[in-house]
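For reference, the structure discussed in these notes is given below.
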Amino acid sequence: MSLRLYNSLTRKKEDFVPLQENRVGMYVCGVTVYDYCHVGHARAGAAFDTIYRYLKHLGYEVNYVRNFTDIDDKIINRAKEKGIPWQELTEQYIQAFYEDMGKLNIELPTIEPKATDHIPEMIAMIASLIEQGKAYDKDGDVFYSVHSFDGYGQLSGKNTDDLLAGARVEVNEDKRNPLDFALWKKSKPGEPEWESPWGLGRPGWHIECSAMSKKYLGETFDIHGGGKDLIFPHHENEIAQSCGASGKAPVKYWIHNGFVNIDKEKMSKSLGNFFTIREIYKRHHPEVLRLFLISSHYRNPIDFSEKNIEDVAKVLTRFYEGIEAAEEILQDKETPSLGDAVRSCTFMQKFEEAMNDDFNTAVALAHLNEELRKMNTLTQKKKSGPDGGGDLPISLAALKKAGNVLGLFYRTPKQFQSEMFQLKNRELHLDTQKIEALIAARNTARKTKDWGKADQCRDDLNTMGVVLEDTPQGTEWKIK
RNA sequence: GGCACCGUCGCCAAGUGGUAAGGCAGAGGUCUGCAAAAUCUCUAUCGGCGGUUCGAGUCCGCCCGGUGCCUCCA
């Protein structure tokens, strides 16, 4: 059983065979840094982070490149609005990106190139395209000649005639063909600019990915990813440029993640119906957001709603409680190297089978849920006698390992619970002392078997939003 | 207008030819003073119609409903 993945280029699931044995080159389109990340960015981040982690889990050495687009019209405009230099703006949002994505437990890629650090590489590629007659300079703007590339439209399933008939193409007198796109843009006064053979200007959007992927991964590499919305025109144009320059198809497998919807409608900046990640963090735990994002398959749309994310919070809480109980009963008993046992256990086999099928995290999570139930049963057995629950260490280790591949369970249960408590308590503002007092009163009543009074205390707590749990170690409480 | 995609239990969500994973919610049992937690059991024939097939949620056609891309966008 080996990895199969859906290739947007062929619209089929294919066996994954990297160009070099055991090594994977992967390029994922990052963000344009002119604003805070929204949930859609979070989804792409989580999807490709999970793919990255799983490839490493399979033993591949992954060279993972994710760029920052730090020069573009939106950046220039936003900096102008704010009255700050564009470099300051991009730096600010790059920092915010790391904060937001870091909380989502997104691992750092191998390399994170910025567009503005690669102007010479882009200029070289543009020059090569002009030399080959595939691009032309028009008064300081340089355009790619779409007619020079036969394969244009293959990725997005479009043909040039239809695109022209679409008639929504920008009218630009300077272009020989309306479909031609900018490789280099002549600068206007006051705009950021770089010297080039065609005069002062800045690169077009698409060329950065072609130039940087070539630099770090070579002319042909294994995986290129991004959101579905990038298929056209961005990735289509990227193929045209890269292929035009090198004569080779740049990418073997194209992977695109689905959108996050709000009320069944795409969330996007242009529609104005987006939530930033940091807004979400005010109400929900980052790990809950991550679990929410990977609880459906990466290619399907997901609908973002409070109800859906709250359901997920319950699930994650259950996992952490199960892990906590198992860890408590096993205590610090050093579990000898369980590597082989974990790797070969039935659950891990099922987990990998699911992930091998185009990174099916939804099915993988179903297996995690089954394993959690099994582990809870083992914990109970262990509690009721030292001879029971013999496989508990393996179950626990396997569950955590699989969770880690999905970017989950990286906190201690205590940390998670405390963070969840703080989040929930923001609205409730519970008086801990009062709660403890009520619990003490209840326990006194219970000793004298004054059940009426004991239940009254519990009811009072309940209306405050507190639920009790009587355990052999005493009474514990948590927010409903 | 062109090109894609989606419609599975009350809700979320897998499943692309062989008699529907998982989660939330719900019902019942075990445990508990009663609860809670945990655990066990139960709850769908897959938008509609027609077709292909021994057999279809899964392929084909039509219809209904919804979305995306074609313009910056994860």
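These figures come from a predicted structure and were not determined experimentally. Throughout, a chain's letter reflects where its sequence line sits, starting with A, and its residues are numbered from 1. Computed from heavy atoms alone, side chains included, the values below leave out hydrogens, waters and symmetry copies.
Salt bridge status for Asp15(A) with Arg4(A): present, with a side-chain N to carboxylate O gap under 4.0 Å. The pair Lys13(A)-Asp357(A) meets the salt-bridge criterion, with a side-chain N (NZ, NE, NH1 or NH2) lying under 4.0 Å from an Asp/Glu carboxylate O. Looking at Glu191(A) and Lys80(A), no side-chain N of the basic residue comes within less than 4.0 Å of a carboxylate O on the acidic one, giving no salt bridge. A salt bridge is defined here as a Lys NZ or Arg NE, NH1 or NH2 lying under 4.0 Å from an Asp or Glu carboxylate O, and Glu81(A) with Arg78(A) meets this definition. In summary, Arg373(A) and Glu370(A) do not engage in a salt bridge, as defined by a charged side-chain N under 4.0 Å from a carboxylate O. Taking a cutoff of 4.0 Å between a charged side-chain nitrogen and a carboxylate oxygen, Arg290(A) and Asp49(A) qualify as a salt bridge. For the pair Asp470(A) and Arg446(A), the salt-bridge criterion is met [side-chain N within less than 4.0 Å of a carboxylate O]. For the pair Arg176(A) and Asp180(A), the salt-bridge criterion is not met [side-chain N within less than 4.0 Å of a carboxylate O].
Counting any heavy atom pair closer than 4.0 Å across all strands shown, Leu468(A) reaches a base atom. Within 4.0 Å (heavy atoms only), Phe259(A) reaches at least one base atom of the nucleic acid. When heavy atoms are screened at a 4.0 angstrom cut-off, Glu265(A) is found touching the sugar-phosphate backbone but no base atom. Across all strands shown, Gly40(A) has heavy atoms under 4.0 Å from base atoms, whether or not it also approaches the sugar-phosphate. Residue Val467(A) is out of contact with every strand shown, counting any heavy-atom pair closer than 4.0 Å. Across all strands shown, Thr377(A) has heavy atoms under 4.0 Å from sugar-phosphate atoms exclusively, and none from any base. If you check every strand for non-hydrogen atoms under 4.0 Å, Val28(A) touches nothing. Using a 4.0 Å heavy-atom distance criterion, Gly258(A) is classed as a base contact. At the heavy-atom level, Asn376(A) lies under 4.0 Å from the strands shown only through sugar-phosphate atoms.
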Please produce a list of atom pairs where a protein N or O lies less than 3.5 Å from an N or O of nucleotides 31-34 of chain B.
unit_1, atom_1, unit_2, atom_2, d
G33(B), O6, Arg442(A), NH2, 3.4
G33(B), O6, Arg446(A), NE, 3.4
G33(B), N1, Asp455(A), OD1, 3.1
G33(B), N2, Asp455(A), OD1, 3.3
G33(B), N2, Asp455(A), OD2, 2.8
C34(B), O2, Arg458(A), NH1, 3.2
C34(B), O2, Arg458(A), NH2, 2.3
C34(B), N3, Arg458(A), NH1, 2.9
C34(B), N4, Asp470(A), OD2, 3.2

Might you work through the side chain to side chain contact (heavy atoms under 4.5 Å, CB included) test for His118(A) and Thr116(A), ending with a clear yes or no?
CA-CA 5 Å; His118(A) 297 79; Thr116(A) 55; over 6 Å; no
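Rounded to the nearest Å, the gap between the C1' atom of C54(B) and that of G61(B) is 22 Å. Atom name C1', nucleotides C46(B) and G57(B): the rounded distance is 5 Å, in whole Å. For the P atoms, the distance from G22(B) to G55(B) is 29 Å, rounded to whole Å. Here, G28(B) and A20(B) have their C1' atoms 24 Å apart, quoted to the whole Å. Only the P atoms considered, G47(B) is 8 Å distant from U58(B), to the nearest whole Å. If you take atom C1' in C31(B) and the same atom in A74(B), they sit 48 Å apart, rounded to whole Å. Using atom C1' as the reference point in both C24(B) and C60(B), the two lie 37 Å apart (nearest Å). Using atom P as the reference point in both G7(B) and U16(B), the two lie 12 Å apart (nearest Å).
The cationic group of Lys266(A) lies under 6.0 Å from the six-membered ring centre of Phe259(A) and within 45° of the ring axis, placing it in a cation-pi geometry. A cation-pi geometry, defined here as NZ or CZ lying under 6.0 Å from the six-membered ring centre and within 45° of its normal, does not hold between Lys138(A) and Phe143(A).
Atom P of nucleotide C70(B) and atom CG of Leu230(A) are separated by 10 Å, given to the nearest angstrom. Between the CD1 atom of Ile231(A) and the P atom of A4(B) there is a distance of 13 Å, given to the nearest Å. Going from atom NE2 of His235(A) over to atom P of C3(B) covers 24 Å, rounded to whole Å. Atom CZ of Phe274(A) and atom P of C72(B) are 18 Å apart (whole Å). Remark: P of G1(B) and CG of Asp161(A) are 19 Å apart, rounded to the nearest angstrom. Between the CE atom of Met464(A) and the C1' atom of A36(B) there is a distance of 17 Å, rounded to whole Å. Per the geometry, NE2 belonging to His256(A) stands 12 Å off C1' belonging to C69(B), to the nearest Å. For Ile323(A) and A37(B), the CD1 to P distance is 19 Å, given to the nearest whole Å.
Pairing of A56(B), defined by two Watson-Crick or G-U wobble distances under 3.5 Å, is not identified with any nucleotide. The pairing partner recorded for G17(B) is none, the criterion being a Watson-Crick or G-U wobble arrangement whose two distances lie under 3.5 angstrom. As the counterpart of C69(B), G2(B) is assigned, both hydrogen-bonding distances of the Watson-Crick or G-U wobble pattern falling under 3.5 Å. C49(B) and G61(B) make up a base pair, with Watson-Crick or G-U wobble contacts both under 3.5 Å. Across all strands shown, U41(B) forms a Watson-Crick or G-U wobble pair, both distances under 3.5 Å, with A27(B).
A side-chain N or O of Glu287(A) and one of Tyr320(A) form a donor-acceptor pair less than 3.5 Å apart. At a cut-off of 3.5 Å, with distance as the only test, a side-chain donor of Trp477(A) or Glu436(A) sits close to an acceptor on the other residue.
Nearest to the side-chain atoms of Lys158(A) among the listed nucleotides C69(B), A74(B), U39(B) stands C69(B). You'll find that the side chain of Arg318(A) is closest to U39(B), out of U39(B), A74(B), G68(B). Listed nucleotides A38(B), A74(B), C72(B) differ in distance to Pro233(A); the shortest reach to its side chain belongs to C72(B). Side-chain proximity of Lys266(A) to the nucleotides C72(B), C69(B), A74(B) is greatest for C69(B).
Residues Val315(A) and Arg43(A) each lie close to RNA chain B; by heavy-atom proximity, the contact nearer the 5' end of the strand is made by Val315(A). With RNA chain B read from its 5' end, the first of the two nearest nucleotides for Glu469(A) and His41(A) is the one closest to Glu469(A).
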Its contact letters, B for base, S for sugar-phosphate only and - for none at protein heavy atoms under 4.0 Å, make nucleotides 12-22 of chain B read SSSS-----BS
